[in-house]
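Following: one structure in C-alpha coordinates, then a few remarks.
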Amino acid sequence: MLQTFYDYFWWHRLWLPINLTWADLEDKDDRVYAKASDLYITIPLAFVFLIVRYIFEISVAGPLANLLGVKDKVRLRAAPSPVLEKFYTCSSKLPRQIDLENLSKASRLTVRQVERWFRRRRNQDRPSLQKKFREASWRFTFYLLAFIAGIAVLIDKPWFHDLHEVWNGFPKQTMLPSQYWYYMIELGFYWSLLFRVAFDVKRKDFQEQIIHHVATIVLISFSWCANYIRVGTLVMVLHDASDYFLESAKMFNYAGWKETCNNIFIVFALVFIVTRIILFPFWILHCTWVYPLEIYPPFFGYYFFNVMLWVLQCLHVFWAYLILRMAHKFITGKLEQDERSDQDETDIPDEEEEEEPTKNGTLSNGHSMQNNNHHKAD
(Lines give C-alpha, C1' and ligand atoms only; values in the text may rest on other atoms or scores of the structure.)
Protein backbone atom coordinates (compact mmCIF):
# COMPACT_ATOMS: atom_id res chain seq x y z
CA MET A 1 0.00 0.00 0.00
CA LEU A 2 2.78 2.43 0.91
CA GLN A 3 4.58 1.58 -2.30
CA THR A 4 1.41 2.28 -4.28
CA PHE A 5 1.03 5.64 -2.57
CA TYR A 6 4.70 6.43 -3.19
CA ASP A 7 4.44 5.54 -6.87
CA TYR A 8 1.29 7.60 -7.33
CA PHE A 9 2.71 10.58 -5.41
CA TRP A 10 5.78 10.68 -7.63
CA TRP A 11 3.88 9.95 -10.84
CA HIS A 12 5.55 12.07 -13.48
CA ARG A 13 2.22 13.15 -14.97
CA LEU A 14 1.49 15.05 -11.74
CA TRP A 15 4.68 17.05 -11.43
CA LEU A 16 6.22 17.30 -14.90
CA PRO A 17 4.98 18.68 -18.23
CA ILE A 18 3.52 16.34 -20.79
CA ASN A 19 5.86 13.87 -22.55
CA LEU A 20 8.49 14.16 -19.81
CA THR A 21 9.39 11.62 -17.11
CA TRP A 22 11.77 11.57 -14.14
CA ALA A 23 14.20 9.64 -16.33
CA ASP A 24 14.67 12.81 -18.37
CA LEU A 25 16.02 14.53 -15.25
CA GLU A 26 18.70 11.98 -14.42
CA ASP A 27 22.30 13.22 -14.37
CA LYS A 28 24.07 12.70 -17.67
CA ASP A 29 26.33 14.47 -20.16
CA ASP A 30 27.80 16.67 -17.39
CA ARG A 31 24.33 17.97 -16.58
CA VAL A 32 23.30 17.77 -12.90
CA TYR A 33 19.66 18.02 -11.86
CA ALA A 34 18.01 18.59 -8.48
CA LYS A 35 16.84 15.49 -6.62
CA ALA A 36 14.40 15.05 -3.74
CA SER A 37 17.09 13.20 -1.78
CA ASP A 38 19.15 16.41 -1.74
CA LEU A 39 16.68 17.87 0.73
CA TYR A 40 17.53 15.39 3.47
CA ILE A 41 20.51 17.52 4.43
CA THR A 42 18.24 20.44 5.36
CA ILE A 43 17.02 18.77 8.57
CA PRO A 44 20.47 18.37 10.17
CA LEU A 45 21.30 21.79 8.71
CA ALA A 46 18.33 23.21 10.64
CA PHE A 47 19.79 21.88 13.89
CA VAL A 48 23.15 23.40 12.95
CA PHE A 49 21.33 26.72 12.57
CA LEU A 50 19.81 26.28 16.03
CA ILE A 51 23.26 25.69 17.52
CA VAL A 52 24.75 28.64 15.65
CA ARG A 53 21.82 30.79 16.76
CA TYR A 54 22.36 29.82 20.40
CA ILE A 55 26.05 30.74 20.18
CA PHE A 56 25.27 33.95 18.29
CA GLU A 57 22.69 35.12 20.83
CA ILE A 58 25.09 34.53 23.72
CA SER A 59 28.33 35.82 22.22
CA VAL A 60 27.08 38.55 19.85
CA ALA A 61 23.45 39.58 20.39
CA GLY A 62 23.65 39.59 24.19
CA PRO A 63 26.72 41.86 24.43
CA LEU A 64 25.26 44.08 21.68
CA ALA A 65 22.04 44.44 23.67
CA ASN A 66 24.04 45.49 26.74
CA LEU A 67 26.08 47.92 24.64
CA LEU A 68 22.91 49.57 23.32
CA GLY A 69 21.40 49.74 26.79
CA VAL A 70 18.62 47.17 26.35
CA LYS A 71 17.42 46.48 29.87
CA ASP A 72 14.71 44.16 31.13
CA LYS A 73 12.02 45.47 33.43
CA VAL A 74 12.10 44.02 36.93
CA ARG A 75 8.85 42.13 37.34
CA LEU A 76 7.37 40.97 40.59
CA ARG A 77 6.94 37.22 40.76
CA ALA A 78 3.63 35.69 41.75
CA ALA A 79 3.70 34.15 45.21
CA PRO A 80 3.65 30.31 45.16
CA SER A 81 0.08 29.01 45.08
CA PRO A 82 -0.59 25.44 43.88
CA VAL A 83 -4.31 26.13 43.46
CA LEU A 84 -3.86 29.21 41.29
CA GLU A 85 -0.94 27.70 39.40
CA LYS A 86 -2.97 24.64 38.46
CA PHE A 87 -5.80 26.80 37.16
CA TYR A 88 -3.33 29.00 35.26
CA THR A 89 -1.59 26.11 33.51
CA CYS A 90 -4.57 23.81 32.97
CA SER A 91 -7.62 26.05 32.54
CA SER A 92 -7.08 29.69 31.66
CA LYS A 93 -4.64 32.55 32.05
CA LEU A 94 -7.56 35.00 32.09
CA PRO A 95 -10.11 33.72 34.62
CA ARG A 96 -13.69 34.95 34.49
CA GLN A 97 -15.31 36.71 37.43
CA ILE A 98 -16.96 33.51 38.66
CA ASP A 99 -13.59 31.73 38.42
CA LEU A 100 -11.97 34.50 40.45
CA GLU A 101 -14.54 34.10 43.18
CA ASN A 102 -14.13 30.32 43.30
CA LEU A 103 -10.35 30.60 43.28
CA SER A 104 -10.55 33.19 46.06
CA LYS A 105 -12.34 30.68 48.28
CA ALA A 106 -10.02 27.81 47.33
CA SER A 107 -6.81 29.80 47.87
CA ARG A 108 -8.05 31.80 50.89
CA LEU A 109 -7.12 35.05 49.17
CA THR A 110 -9.29 38.01 48.32
CA VAL A 111 -10.55 38.41 44.75
CA ARG A 112 -8.27 41.42 44.35
CA GLN A 113 -5.28 39.38 45.45
CA VAL A 114 -6.20 36.62 42.99
CA GLU A 115 -6.43 39.18 40.19
CA ARG A 116 -3.03 40.54 41.15
CA TRP A 117 -1.56 37.03 41.26
CA PHE A 118 -2.73 36.32 37.70
CA ARG A 119 -1.36 39.64 36.44
CA ARG A 120 2.02 38.89 37.95
CA ARG A 121 1.94 35.32 36.67
CA ARG A 122 1.22 36.52 33.15
CA ASN A 123 4.05 39.03 33.49
CA GLN A 124 6.44 36.19 34.25
CA ASP A 125 5.57 34.54 30.92
CA ARG A 126 6.09 37.65 28.84
CA PRO A 127 9.28 37.60 26.79
CA SER A 128 11.92 40.00 28.05
CA LEU A 129 13.33 42.83 25.95
CA GLN A 130 16.67 41.03 25.93
CA LYS A 131 15.03 37.93 24.46
CA LYS A 132 13.23 39.99 21.81
CA PHE A 133 16.44 41.83 20.93
CA ARG A 134 18.47 38.62 20.60
CA GLU A 135 15.81 37.05 18.38
CA ALA A 136 15.60 40.13 16.15
CA SER A 137 19.41 40.31 15.93
CA TRP A 138 19.65 36.72 14.73
CA ARG A 139 17.01 37.16 12.07
CA PHE A 140 18.47 40.49 10.95
CA THR A 141 21.88 38.89 10.49
CA PHE A 142 20.55 35.95 8.51
CA TYR A 143 18.18 37.93 6.28
CA LEU A 144 20.85 40.49 5.45
CA LEU A 145 23.45 37.85 4.60
CA ALA A 146 20.87 35.78 2.69
CA PHE A 147 19.82 38.81 0.62
CA ILE A 148 23.44 39.64 -0.22
CA ALA A 149 24.10 36.00 -1.12
CA GLY A 150 20.94 35.85 -3.23
CA ILE A 151 21.94 38.92 -5.22
CA ALA A 152 25.43 37.45 -5.71
CA VAL A 153 23.91 34.19 -6.96
CA LEU A 154 21.48 35.89 -9.37
CA ILE A 155 23.14 39.09 -10.55
CA ASP A 156 24.88 37.51 -13.55
CA LYS A 157 22.06 35.11 -14.49
CA PRO A 158 20.01 35.93 -17.61
CA TRP A 159 16.69 35.08 -15.89
CA PHE A 160 17.32 37.80 -13.31
CA HIS A 161 16.99 40.38 -16.08
CA ASP A 162 14.63 38.56 -18.48
CA LEU A 163 11.91 36.43 -16.88
CA HIS A 164 11.30 34.52 -20.12
CA GLU A 165 14.69 32.89 -19.48
CA VAL A 166 13.21 31.27 -16.35
CA TRP A 167 11.43 28.78 -18.60
CA ASN A 168 14.04 28.44 -21.32
CA GLY A 169 14.65 24.68 -21.58
CA PHE A 170 12.46 23.88 -18.58
CA PRO A 171 12.59 21.44 -16.85
CA LYS A 172 15.89 20.26 -18.32
CA GLN A 173 17.88 23.00 -16.63
CA THR A 174 21.14 21.97 -15.00
CA MET A 175 21.65 22.83 -11.34
CA LEU A 176 24.48 25.19 -10.39
CA PRO A 177 26.48 24.74 -7.15
CA SER A 178 25.53 28.28 -6.05
CA GLN A 179 21.84 27.41 -6.47
CA TYR A 180 22.29 24.22 -4.46
CA TRP A 181 23.78 25.97 -1.43
CA TYR A 182 21.38 28.91 -1.64
CA TYR A 183 18.44 26.52 -1.56
CA MET A 184 19.79 24.26 1.19
CA ILE A 185 20.69 27.18 3.47
CA GLU A 186 17.34 28.93 2.99
CA LEU A 187 15.36 25.74 3.53
CA GLY A 188 17.44 24.75 6.56
CA PHE A 189 16.85 28.19 8.07
CA TYR A 190 13.07 27.99 7.64
CA TRP A 191 13.06 24.51 9.17
CA SER A 192 14.91 25.98 12.17
CA LEU A 193 12.29 28.76 12.45
CA LEU A 194 9.52 26.16 12.42
CA PHE A 195 11.28 24.09 15.09
CA ARG A 196 11.68 27.19 17.29
CA VAL A 197 8.32 28.84 16.66
CA ALA A 198 6.81 27.54 19.91
CA PHE A 199 9.66 29.06 21.92
CA ASP A 200 10.12 32.36 20.10
CA VAL A 201 8.19 35.54 20.85
CA LYS A 202 4.51 34.98 20.03
CA ARG A 203 2.55 37.75 18.33
CA LYS A 204 -0.96 38.27 17.05
CA ASP A 205 -0.02 36.83 13.66
CA PHE A 206 1.30 33.60 15.23
CA GLN A 207 -1.00 31.40 13.13
CA GLU A 208 -0.13 33.32 9.98
CA GLN A 209 3.55 32.82 10.80
CA ILE A 210 3.00 29.07 11.05
CA ILE A 211 1.18 29.06 7.70
CA HIS A 212 3.95 31.17 6.19
CA HIS A 213 6.74 28.86 7.42
CA VAL A 214 4.91 25.72 6.23
CA ALA A 215 3.99 27.26 2.86
CA THR A 216 7.58 28.44 2.39
CA ILE A 217 9.03 25.02 3.21
CA VAL A 218 6.54 23.29 0.87
CA LEU A 219 7.23 25.79 -1.91
CA ILE A 220 11.01 25.58 -1.62
CA SER A 221 10.90 21.77 -1.44
CA PHE A 222 8.49 21.41 -4.35
CA SER A 223 10.31 23.92 -6.54
CA TRP A 224 13.52 21.99 -5.91
CA CYS A 225 12.05 18.57 -6.71
CA ALA A 226 10.25 19.77 -9.86
CA ASN A 227 13.28 21.84 -10.96
CA TYR A 228 11.59 25.24 -10.54
CA ILE A 229 14.95 26.41 -9.21
CA ARG A 230 15.28 29.57 -11.26
CA VAL A 231 11.97 31.05 -10.19
CA GLY A 232 12.53 29.70 -6.67
CA THR A 233 15.70 31.75 -6.24
CA LEU A 234 13.85 34.85 -7.44
CA VAL A 235 11.08 34.31 -4.88
CA MET A 236 13.57 33.85 -2.03
CA VAL A 237 15.67 36.93 -2.79
CA LEU A 238 12.52 39.02 -3.18
CA HIS A 239 11.36 38.00 0.30
CA ASP A 240 14.75 38.61 1.91
CA ALA A 241 14.87 42.14 0.46
CA SER A 242 12.64 43.65 3.15
CA ASP A 243 12.90 41.34 6.17
CA TYR A 244 16.22 42.66 7.48
CA PHE A 245 14.80 46.20 7.60
CA LEU A 246 11.99 45.00 9.87
CA GLU A 247 14.35 43.14 12.20
CA SER A 248 16.70 46.13 12.45
CA ALA A 249 13.74 48.39 13.27
CA LYS A 250 12.80 46.00 16.08
CA MET A 251 16.36 46.07 17.43
CA PHE A 252 16.39 49.86 17.64
CA ASN A 253 12.91 49.84 19.16
CA TYR A 254 13.99 47.51 21.95
CA ALA A 255 17.08 49.68 22.49
CA GLY A 256 14.87 52.75 22.90
CA TRP A 257 16.05 54.51 19.73
CA LYS A 258 12.50 55.44 18.75
CA GLU A 259 13.31 57.98 16.03
CA THR A 260 15.74 55.61 14.31
CA CYS A 261 13.24 52.77 14.65
CA ASN A 262 10.47 54.86 13.08
CA ASN A 263 12.62 55.91 10.13
CA ILE A 264 13.79 52.36 9.41
CA PHE A 265 10.23 51.06 9.72
CA ILE A 266 9.04 53.54 7.09
CA VAL A 267 11.80 52.30 4.77
CA PHE A 268 10.77 48.72 5.52
CA ALA A 269 7.13 49.51 4.74
CA LEU A 270 8.08 51.02 1.38
CA VAL A 271 10.35 48.10 0.44
CA PHE A 272 7.70 45.59 1.57
CA ILE A 273 4.98 47.21 -0.53
CA VAL A 274 7.23 47.42 -3.59
CA THR A 275 8.57 43.86 -3.38
CA ARG A 276 5.55 41.90 -2.12
CA ILE A 277 2.52 43.89 -3.23
CA ILE A 278 3.85 45.11 -6.58
CA LEU A 279 6.80 43.02 -7.79
CA PHE A 280 5.66 39.65 -6.41
CA PRO A 281 2.20 39.54 -8.05
CA PHE A 282 3.04 41.50 -11.21
CA TRP A 283 6.52 40.04 -11.71
CA ILE A 284 6.74 36.60 -10.10
CA LEU A 285 3.10 35.46 -10.29
CA HIS A 286 2.80 36.71 -13.86
CA CYS A 287 5.96 34.80 -14.69
CA THR A 288 4.71 31.53 -13.15
CA TRP A 289 1.10 31.84 -14.35
CA VAL A 290 1.44 33.14 -17.93
CA TYR A 291 4.86 32.30 -19.35
CA PRO A 292 4.77 28.49 -18.77
CA LEU A 293 1.63 28.21 -20.90
CA GLU A 294 3.63 29.49 -23.86
CA ILE A 295 5.72 26.30 -23.67
CA TYR A 296 3.44 23.48 -22.45
CA PRO A 297 -0.19 22.88 -21.42
CA PRO A 298 -1.06 23.21 -17.71
CA PHE A 299 -0.63 20.19 -15.43
CA PHE A 300 -1.13 19.47 -11.71
CA GLY A 301 2.34 20.71 -10.67
CA TYR A 302 1.71 23.99 -12.48
CA TYR A 303 -1.53 24.56 -10.55
CA PHE A 304 -0.06 23.38 -7.24
CA PHE A 305 2.94 25.71 -7.47
CA ASN A 306 0.80 28.72 -8.34
CA VAL A 307 -1.75 28.01 -5.59
CA MET A 308 1.04 27.94 -3.00
CA LEU A 309 2.40 31.22 -4.35
CA TRP A 310 -1.07 32.74 -4.02
CA VAL A 311 -1.22 31.55 -0.40
CA LEU A 312 1.94 33.57 0.19
CA GLN A 313 0.42 36.53 -1.60
CA CYS A 314 -2.66 36.44 0.65
CA LEU A 315 -0.33 36.57 3.66
CA HIS A 316 1.48 39.49 2.04
CA VAL A 317 -1.79 41.40 1.76
CA PHE A 318 -2.65 40.64 5.40
CA TRP A 319 0.76 41.84 6.60
CA ALA A 320 0.68 44.87 4.31
CA TYR A 321 -2.55 45.95 6.02
CA LEU A 322 -0.90 45.70 9.45
CA ILE A 323 2.25 47.44 8.23
CA LEU A 324 0.40 50.34 6.62
CA ARG A 325 -1.71 50.80 9.75
CA MET A 326 1.42 50.83 11.91
CA ALA A 327 3.23 53.16 9.48
CA HIS A 328 0.32 55.59 9.64
CA LYS A 329 0.50 55.60 13.43
CA PHE A 330 4.27 56.05 13.29
CA ILE A 331 3.83 59.14 11.13
CA THR A 332 1.05 60.57 13.30
CA GLY A 333 2.87 59.65 16.52
CA LYS A 334 0.05 57.45 17.82
CA LEU A 335 1.89 54.13 17.90
CA GLU A 336 3.27 53.05 21.28
CA GLN A 337 3.92 49.35 20.66
CA ASP A 338 4.10 46.60 18.06
CA GLU A 339 0.48 45.89 17.14
CA ARG A 340 1.33 42.29 16.29
CA SER A 341 2.46 41.55 19.82
CA ASP A 342 0.04 39.59 21.97
CA GLN A 343 2.34 40.05 24.95
CA ASP A 344 2.05 43.81 24.93
CA GLU A 345 -1.74 43.73 25.30
CA THR A 346 -1.43 43.20 29.05
CA ASP A 347 1.00 46.10 29.52
CA ILE A 348 -1.59 48.39 31.14
CA PRO A 349 -0.23 51.81 32.19
CA ASP A 350 -1.79 51.71 35.63
CA GLU A 351 -0.12 48.39 36.32
CA GLU A 352 3.28 49.76 37.17
CA GLU A 353 3.40 47.84 40.41
CA GLU A 354 3.53 44.68 38.33
CA GLU A 355 6.61 45.82 36.43
CA GLU A 356 8.83 47.52 39.02
CA PRO A 357 9.71 46.95 42.65
CA THR A 358 7.76 49.16 45.02
CA LYS A 359 9.55 52.27 46.22
CA ASN A 360 7.36 52.79 49.26
CA GLY A 361 8.12 49.67 51.24
CA THR A 362 9.40 46.13 51.32
CA LEU A 363 7.58 43.19 49.84
CA SER A 364 5.90 40.43 51.77
CA ASN A 365 4.40 37.55 49.76
CA GLY A 366 4.31 39.75 46.68
CA HIS A 367 2.42 42.65 48.33
CA SER A 368 3.58 46.04 49.55
CA MET A 369 3.62 46.49 53.33
CA GLN A 370 3.23 50.27 53.16
CA ASN A 371 1.34 50.89 49.93
CA ASN A 372 -1.93 49.01 49.71
CA ASN A 373 -3.43 51.05 46.89
CA HIS A 374 -5.04 48.74 44.37
CA HIS A 375 -5.20 49.30 40.64
CA LYS A 376 -7.91 48.36 38.20
CA ALA A 377 -6.62 45.56 36.04
CA ASP A 378 -7.38 43.50 33.01
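- Atom OG1 of Thr233 and atom CZ of Phe160 lie 9.5 Å apart (nearest 0.5 Å).
- Taking the six-membered ring for Trp and the full ring otherwise, Tyr143 and Phe245 have centroids separated by 6.0 Å or more.
- In this pair, Tyr88 and Phe118 present their aromatic rings tilted. The plane angle is within the 30 to 60° band.
- Between Phe280 and His239, the ring planes are perpendicular. Angles over 60° get that label, and only those under 30° would be called parallel.
- Residues Phe300 and Tyr303 keep their aromatic ring centres 6.0 Å or farther apart.
- Classified by interplanar angle (parallel below 30°, tilted 30° to 60°, perpendicular above 60°), the ring pair His316/Phe272 is perpendicular.
- Ring geometry for Phe299 against Tyr302 counts as tilted: the plane angle lies between 30° and 60°, on a 0 to 90° scale.
- Atom OG1 of Thr141 is separated from atom OH of Tyr244 by 13.0 Å, given to the nearest 0.5 angstrom.
- For the pair Asn262 (side chain) and Glu259 (backbone), a donor-acceptor distance under 3.5 Å is absent.
- Inspection of the Ser223 and Tyr183 side chains reveals an N or O donor paired with an N or O acceptor under 3.5 Å.
- For the side-chain contact (heavy atoms from CB on, under 4.5 Å) test, residues two or more places apart in sequence or in another chain that qualify with Pro158 are Glu165.
- Ring to ring, Phe49 and Phe142 are close: their centroids are under 6.0 angstrom apart.
- Counting only N and O atoms by type, the side chains of Gln173 and Asn168 include no donor and acceptor under 3.5 Å apart.
- Between His286 and Tyr291, the two ring planes are perpendicular [angle over 60°; tilted spans 30° to 60°].
- Every pair passing ring pair (Phe, Tyr, Trp, His ring centres under 6.0 Å) that includes a residue from residues 17-41 is listed here, sequence neighbours excluded: Trp10-Trp22.
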